[in-house]
Amino acid sequence: MSAITTTAIDIAKIRAQFPVLDQEVNGKPLIYFDNAATSQTAKNVVDALVEFYEKDHANIHRGIHTLAERSTKAFEATRERVHRFINSEEADEIIFTKGTTESINLVAQSWGSKFLKKGDEILISQLEHHSNIVPWQLAAERTGAIIKVIPINAKGEILMDEYKRLLSAKTKVVAVNYVSNSLGTINPIKEIIDLAIAHGATTMIDAAQAAPHVKLDVQELNCDFLALSSHKMYGPTGVGILYGRRDILEATPPYQGGGEMIKDVSFSGTTFNDIPYKFEAGTPNIGEVIAFKYAMDFIDDIGHENIQAYENELLEYAMDKLQQIPGFTPIGTADNKASVISFLMQNVHPYDLGQLLDVKGIAVRTGHHCTQPLMDFLKIDGTVRASFAVYNTKEEIDIFCDALQKIVERFK
Ligand code: PMP
């Protein structure tokens with residue numbers, strides 16, 4: 001148990017960073033519990049974005065004028081910041097993408113086209129987001145590789161014995177999420193990676209949900225690839241990264257062709273740039289990449305340990321209260337969970353519940369959460385999902401539970 005308590009979190013100071021929270025929705029104070037879909041953007045991030053567009057807007061890497069130098073320097077400063085945030089060996093191992101989805105597509109397409117062949121096996125889990133399923137299906141179609149699915153138990157935990165059984169010399173890649181967006185399960189990722197390595201498989205870690213909650217250290221994890229999205233980390237939309245170890249990135253062919261990713265172009269042939277630029281064709285989301293640095297500063301200023309301790313407190317507090325509401329059924333009860341609560345309410349359809357909560361100013365997610373195969377396994381169409389961030393409070397949870405209680409009474 002961590003010794004850290006809520007005293008380590010200055011909630012007033014944190015909330016001051018999110019003016020968006022200080023508003024009414026449908027005449028009620030906004031309660032934002034849809035953080036697993038996207039978190040709100042910290043003020044220092046928004047300020048950096050405005051500053052870029054008001055003062056420094058220029059394209060990167062290609063200009064010698066002052067503004068181009070400024071924007072290039074700030075852009076590369078974010079690469080350095082990500083390198084420190086996830087403890088990669090080098091900053092060059094960080095590739096900017098639009099987000100986790102694009103990062104996984106890059107790996108499935110580019111790495112997959114060279115390294116997957118007929119009969120090879122791709123292992124993914126039953127818990128995956130569509131963006132860690134469909135790119136692999138496309139890769140399998142192109143290459144003749146086969147997808148195998150690691151089963152889970154009813155609590156939403158990966159069955160490690162089944163995983164071990166599935167691993168073989170045929171396993172070419174293991175692609176799993178660190179934290180499930182639908183259920184909040186925190187997977188035993190280090191063990192999953194170690195076992196994959198022992199079988200000579202490449203590893204692709206979807207850390208979209210892990211990044212805001214869990215300290216990431218790619219050298220300690222020893223993964224080959226890892227993807228995350230800025231917008232789930234209090235940063236801007238349209239930015240994410242793919243981490244890849246230098247040797248594997250160098251061996252991987254380019255993803256898209258265009259400017260920036262080349263050394264020399266002629267009609268008789270083209271030579272490609274070094275990593276990371278080889279994978280960064282065209283003009284990226286420059287301002288958003290620059291602002292993303294401040295999101296990582298925001299997280300590190302609070303500290304992952306403090307964030308996790310506080311969010312765990314919120315999770316436990318909410319679960320205690322929710323269990324007392326008649327008809328509440330949690331979906332996903334893994335022993336090791338992030339601050340995500342998926343649930344069903346007897347007699348109330350998730351969609352209706354989502355709408356009725358919105359009337360009370362409470363934002364939750366309803367539906368399959370881009371995990372249809374997981375919903376099929378659970379034999380449900382979808383859930384209601386409340387997911388907490390570091391700016392949420394117990395008072396908000398009280399209001400949420402009161403609202404649920406009243407809705408349930410109406411539907412009795
Ligand atoms: N994987 C997981 C586990 C996610 O939660 C999400 C976003 N819901 C994604 C991948 C896709 O991320 P993005 O939409 O930012 O590309």
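Please read all numbers here as calculations on a predicted model, not as lab measurements. Counting starts at 1 for both ligands and their atoms, in listed order.
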Worksheet item: ligand 1 and Asn177, any nitrogen or oxygen pair closer than 3.5 angstrom?
Response: no
Worksheet item: In terms of side-chain geometry, is the basic nitrogen of Lys263 or Asp274 positioned less than 4.0 Å from the acidic oxygen of its partner?
Response: yes
Discussion item. If we set the cut-off at 4.0 Å for heavy atoms, which region of Asp206 has an atom near ligand 1: side chain, backbone, both, or neither?
Written reply: side chain
Practice prompt. Pick out which of Thr383, Thr371, Asn181, Thr329 makes a side-chain hydrogen bond (donor to acceptor under 3.5 Å, both in side chains) with Ser342.
Written response: Thr383
Worksheet item: To the nearest 0.1 Å, how far is atom 5 (O) of ligand 1 from its closest protein heavy atom, and which atom is that?
Response: Gln209 NE2, 2.6 Å
Worksheet item: How does Lys232 reach ligand 1, by side chain, by backbone, by both or by neither, if only non-hydrogen atoms under 4.0 Å count?
Response: side chain
Worksheet item: In the protein, which heavy atom is nearest to atom 4 (C) of ligand 1, and how far is it?
Response: His129 CD2, 3.4 Å
Discussion item. To check your reading of the model: name the closest protein heavy atom to atom 14 (O) of ligand 1, its residue, and the distance in Å.
Written reply: Thr101 OG1, 3.7 Å
Worksheet item: Does Ser131 reach ligand 1, in the sense of a heavy atom lying below 4.0 Å from it?
Response: yes
Response to the item:
Within 4.0 Å of some non-hydrogen atom of Ser229, the atoms of ligand 1 are 12 (O), 13 (P), 15 (O), 16 (O)
Worksheet item: Is the shortest distance from a Lys or Arg side-chain nitrogen in Lys293 or Asp297 to a carboxylate oxygen in the other one below 4.0 Å?
Response: yes
Worksheet entry | Spacing of Leu106 atom CG and Lys98 atom NZ [to the nearest 0.5 Å] | 11.5 Å
Practice prompt. Name the orientation class of the two ring planes belonging to Tyr234 and Phe298 (parallel below 30°, tilted from 30 to 60°, perpendicular beyond 60°).
Written response: perpendicular
Worksheet, complete the sentence: Going by the 4.0 angstrom heavy-atom rule, the piece of His231 near ligand 1 is side chain
Item to complete: For Asp335 and Lys155, run side chain to side chain contact (heavy atoms under 4.5 Å, CB included): C-alpha distance rounded to whole Å, both residues' side-chain angles, the deciding distance at 0.1 Å, then the answer.
Response: CA-CA 8 Å; Asp335 291 342; Lys155 289 161 84 178; 3.0 Å; yes
Worksheet item: Is the closest basic N to carboxylate O distance between Lys190 and Asp194 below 4.0 Å?
Response: yes
